[in-house]
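Counting starts at 1 for both ligands and their atoms, following the listed order.
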Amino acid sequence: MTWKGVINAYRAYLPFSAETPIITLNEGNTPLIRADRLAEAIAPKAGLKLYLKYEGLNPTGSFKDRGMTAAITQAVAEGAKTVICASTGNTAASAAAYSARAGLRCLVLVPEGKIALGKLAASLAYGAEVISIDGSFDDGLDMVREIVQRQPIALVNSINPWRLEGQKTGSFEICDQLNGRAPDWHCLPVGNAGNITAYWMGYQQYGKGLPRILGGQAAGSAPIVTGKVVEHPETIATAIRIGNPARWQQALAALDESDGMITAVTDDDILASWHKLAKLEGIFVEPASATGVAALQQQIALGEIDPVGKTAVCILTGHGLKDPGTAVSQAQTPITLPANVNALEDYLAQ
Ligand code: AN7
């Protein structure tokens, strides 16, 4: 059967009526990829069954499309003409794309200079009005929360409950892809904490078992780990450069109820996992997306997670092409050779 997006696939589990017209880009149905080489690197000889949920293969290159199909569908159903969000980049690109498809005006507020190039390029291409603010994501979120009190504009950040409804379909897919059961561990990056909240909702609703949740935050932006708002969050993983997550309380509930954990990983840890994903498994993600893998490796190394015979799923939230700047700055310079085969053979003999 042709895949027609997450709402059509899981309509029985979502609060849309049968008549609601769906705004979709056929998002979801992303691969769950077994990663034996990476498993061996982070948990040698443990028989860890490690899977990677490659959310970068969604239509705009991140997991945000799952929630955005639901939020924009509902905004249209309610008669909205304009939508707005604050964003570290991926929500902006997704909101812009689904708004274009629905014929809505779309405004996105992004922290100036702290949004990866691919996200900016896409948001502009989809025709969103991109507004750079001289503040953080958190400042932008305060602004959009306020403006929707004053103006008839729909807010499509993950404080919008429809976003979570769409994003919870990721849990359903994982259970389906694991032949009807949840993994032992579910590992993911945590920024504004919408995704961790949505995944936990999804596992609870689907009734195929419950994983323990492992959240990873970047050490320079780890408010949930430290229990304190971070006024000036910093990390190379700009997607999760967030100091005051909107879904903080729900994240704590998900961690508590799942007997889970949340941990901070350094930018070096994030980049090391980012390299491993690319070099051991051929999977190119944006840096934030490697945070779940980094958290899992850290907790296994510390002895807090016993990997023996366990099944773990890491959510790879965004595609590597989102952030070409970081990728190039981390890479070796390409080799330059004259355009002749002898030079190539000389190079091979080195
Ligand atoms: C690649 O786009 O907040 O904990 O404004 O882009 O649900 O916030 C992005 C978040 C992880 C964290 N990985 O998810 C935004 C935004 C990637 C992301 C997260 C984001 P949440």
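- Here the side chains of Phe137 and Asn157 are in contact, with some heavy-atom distance below 4.5 Å.
- Put simply, the side chain of Gln250 never gets that close to the backbone of Gly194: no donor and acceptor are under 3.5 Å apart.
- Residue Ile242 touches ligand 1 through its side chain alone, judged by heavy-atom distances below 4.0 Å.
- Between Lys114 and Thr88, the side chains place no donor N or O within less than 3.5 Å of an acceptor N or O (distance only, hydrogens not considered).
- Under 4.0 Å from ligand 1, the heavy atoms of Glu286 that appear belong solely to its side chain.
- Here the protein heavy atom with the shortest distance to atom 6 (O) of ligand 1 is Asn90 ND2, 2.7 Å.
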Residues 181-192 side chain polar contacts: donor-acceptor under 3.5 Å, at least two apart:
from	atom 1	to	atom 2	distance (Å)
Asp184	OD2	Thr311	N	2.8
His186	ND1	Tyr203	OH	2.8
Asn192	OD1	Ala246	N	2.9

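- Looking at atom 13 (N) of ligand 1, its nearest protein heavy atom turns out to be Thr317 OG1, 2.7 Å.
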Using a 3.5 Å cut-off and no angle test, enumerate the donor-acceptor pairs between side-chain atoms of residues 295-307 and protein atoms at least two apart in sequence or in another chain.
from	atom 1	to	atom 2	distance (Å)
Gln297	OE1	Lys276	NZ	3.2
Gln298	OE1	Thr263	OG1	2.6
Gln298	NE2	Ala264	O	3.0
Gln299	NE2	Thr263	OG1	3.4
Asp306	OD1	Val308	N	3.0

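- Looking from atom 8 (O) of ligand 1 to the surrounding protein, the closest heavy atom is Asn192 N, 2.7 Å.
- No hydrogens or angles considered: nothing links the side chains of Asn58 and Glu27 as a donor-acceptor pair under 3.5 Å.
- The closest protein non-hydrogen atom to atom 7 (O) of ligand 1 is Asn195 N, 2.8 Å.
- Near Ile240, meaning under 4.0 Å from any of its heavy atoms, are these atoms of ligand 1: 11 (C), 12 (C), 19 (C).
- If you look at Ala193 next to ligand 1, the close heavy atoms, those under 4.0 Å, all belong to the backbone.
- Annotation: atom 14 (O) of ligand 1 to nearest protein heavy atom, Phe63 CZ, 3.5 Å.
- Under 4.0 Å from ligand 1, the heavy atoms of Lys64 that appear belong solely to its side chain.
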